[in-house]
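Below, chains carry the letters A, B, ... as their sequence lines are ordered, and counting in each starts from 1. The structure presented is a predicted model; accordingly, all values stated were derived computationally and were not measured.
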There are 2 protein chains.
Amino acid sequence: MQKDTLCLGLLSLGPRSGYEIKQMFEGPLSDFYSLSFGTIYPTLNKLQDEKYVSCKQLSQSKKPDKKVYTITKKGKDLMKDNLLGDASAYIRSGNFGDQIKSEFFLLLLFAKYLPQETLDTVLNERVLFLRQKLEQFKYDGPVPSDLQALRNEKSVAFIRGLATTLIESGLNYMEKNRGKLN
Amino acid sequence: MQKDTLCLGLLSLGPRSGYEIKQMFEGPLSDFYSLSFGTIYPTLNKLQDEKYVSCKQLSQSKKPDKKVYTITKKGKDLMKDNLLGDASAYIRSGNFGDQIKSEFFLLLLFAKYLPQETLDTVLNERVLFLRQKLEQFKYDGPVPSDLQALRNEKSVAFIRGLATTLIESGLNYMEKNRGKLN
DNA sequence: GGGTATCTATATCAGGTTGATATATATAAT
DNA sequence: ATTATATATATCAACCTGATATAGATACCC
C-alpha cells in the first residue's frame, strides 16, 4: 500500500496532524506498519497540494502550533479507489506474507554464539515486552480520541482479538520451551 | 543487526553463494528477516576485500558458474564480536518488538471500504497461505543441504516450534472470528 | 533565576535498502 | 526456433529511514 493511501486512510478516521499520525504508528499500529516523519510530512504536503486533504493551522495553549489535516471528498474517493487497487494487487501478487525484520529472531538463530547470560536477558526482556503488549491490546478503559477512533472500527476488534491470541500463545510457548535453547 | 554480521552468520552454517543466501531469505528465513541482492552482493564483496570471507569460483554443469564464499577465522571472530554487541544494543535499546510491514493488516484495518467479496478473497488467500506455511514449518523430511544446515541448529528447533504454534493459533482465531468483519 | 530535561511539533537530508532491470548460461517446453 | 524458466551476478534510480535541526512550552531542581 502506498504511503498516500495509508495517510488518507488514517485521516478518514478523523482530522489529525502529522505528529499525531506518527504517534499512531508508534502506538497501536506499530505491530502492523510504520512510517517515519521523513515520509509522513512530505506526503501530507503533497496530498494538500493536490487537494486530497485540507489543512488548518491550530494554535494551542501549552503546546506549539500544529497543522491539522482533514480528508476532502476528493481524498476519500482517491482513498477508496486506491484501496480497491491495493487489494486486487495483493490478491494478484500471490504473496500473502508480511515483511518482517526481527532482531529478536536473528539473535535466537545465532544463540549458540552468545553467552548463556546474554541470551537469557534477551529472552527475559522479550517476554516482559510481550506481556506489556498483551496488556495494551486487552485494555478496554478510556483512551485519547485518536485511539478511540481506531477502536471504534469493527475491523480493529477483530485485529485486537487476533493479536491477543497470538501473543498469548507465543508467551505460552516460550515459557514452556525456552529450556530447549540451552 | 548489520548486514555484514547477518551474512557472516549465515556463512558460518556452511559455504554459500550470494544467490543461495538470497534463497534462504526467500525460504525459511522470510518470516523473520530479508535482504535483497542489491545488499547481499556488495556486502559479500566488501567482506572478501577485508578477508572476512574467502571466495572460490565454481564451474557447474547444467548451471552458470557461481562464487562460493567461506567464512574465515577472522570472519568468525568479527561475527562473534558483532553478535555480542548487537545483543547488548538490543537489550539497551529498550525496544524488543519487530519491525513489520503488513499489507494484510492494513487491508483489514480499512475493510469497511472494501466490497465484501474482495475482503473475502483477501482472507481466503491469507488462510491458504498460512496453511502452506504451517506445512513447511512442520515438514520433517529430507531437504537440500542449505536448509539442513539451518535445521540442525538447536535454536531453529525452538523457532520452528514457535512459528508452528503462532500460525496454528492465528488460523484457529481467523476461522472462528472472521464473521465479526461483516 | 538559570540550567537542563522533556514533550510537542515541523522539517530536511545523508546514507542505506529495495525493487527493477540488465546480462548471461543452460534446460525445457511449444 | 522461440519462448519460458531457473540459476547466477551485478548495478542503480527511487524511496525510506534514522538522525539531526529548529523551536515553543512546561517542569523540575539547585
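Using a 4.0 Å heavy-atom cutoff across all strands shown, B/K101 reaches sugar-phosphate atoms only and no base atom.
The main-chain N or O of A/G75 is found under 3.5 Å from a side-chain atom of A/T72 such that the two form a donor-acceptor pair. Checked by atom type and distance alone, the side chain of B/E20 pairs as donor or acceptor with a backbone atom of B/S17 at under 3.5 Å. Distance alone, capped at 3.5 Å, places no donor-acceptor pair between the A/E135 side chain and the A/Q132 backbone.
By the side chain to side chain contact (heavy atoms under 4.5 Å, CB included) test, B/D81 is found to be paired with no residue, residues two or more places apart in sequence or in another chain being considered. Partners of A/Y19 by ring-ring contact (aromatic ring centres under 6.0 Å, His included), not counting sequence neighbours: none found.
More than 12 heavy atoms of other residues, nucleotides or ligands sit less than 6.0 Å from atom NZ of A/K74.
On the nucleic acid side, DNA chain D has its first and last nucleotide under 4.0 Å of a heavy atom of chain B at D/dT7 to D/dT17, going 5' to 3'.
Applying the ring pair (Phe, Tyr, Trp, His ring centres under 6.0 Å) definition to pairs two or more places apart or across chains, those involving residues 84-108 of chain B are A/F32-B/F105, B/Y90-B/F96. Judged as a salt bridge (charged side-chain N to carboxylate O under 4.0 Å, His left out), the pairs with a partner in residues 93-107 of chain A (not counting sequence neighbours) are, in order, A/D98-B/R126. Residue pairs that meet the ring pair (Phe, Tyr, Trp, His ring centres under 6.0 Å) test with at least one member in residues 45-67 of chain B, sequence neighbours left out, do not exist here.
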What donor-acceptor contacts under 3.5 angstrom involve side-chain atoms of residues 157-168 of chain B, with partners at least two apart or in another chain?
from, atom 1, to, atom 2, distance (Å)
B/R160, NE, B/F137, O, 3.2
B/R160, NH2, B/F137, O, 3.0
B/R160, NH2, B/Y139, O, 2.6
B/T164, OG1, B/R160, O, 2.7
B/T165, OG1, B/G161, O, 2.9
B/E168, OE2, B/K138, NZ, 2.9

Which side-chain N or O atoms in residues 33-50 of chain B pair as donor and acceptor under 3.5 Å with protein atoms at least two apart or in another chain?
from, atom 1, to, atom 2, distance (Å)
B/T43, OG1, B/T39, O, 2.6
B/N45, ND2, B/Y41, O, 3.3
B/K46, NZ, B/D4, OD2, 2.5

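Nucleotide C/dT17 holds its P atom 14 Å from the CE atom of B/M1, rounded to whole Å.
The stretch residues 45-59 of chain B has no heavy atom under 4.0 angstrom from DNA chain D at all. DNA chain D lies under 4.0 Å from at least one heavy atom of each of the following residues of residues 27-42 of chain B: B/F37, B/G38, B/Y41.
Atoms CZ and CD, from B/R92 and A/E125 in turn, are 12.5 Å apart once rounded to the nearest 0.5 Å.
Applying the under-4.5 Å side-chain rule to Ile, Leu, Val, Met, Phe, Trp and Tyr, the cluster around B/L128 consists of that residue alone.
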Tabulate protein N/O versus nucleotide N/O from nucleotides 5-8 of chain C, keeping only pairs under 3.5 Å, one per line.
from, atom 1, to, atom 2, distance (Å)
C/dT8, OP2, A/Y19, OH, 3.3

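Residue order along DNA chain D, read from the 5' end via each residue's closest nucleotide, puts B/V68 first among B/V68 and B/Q99.
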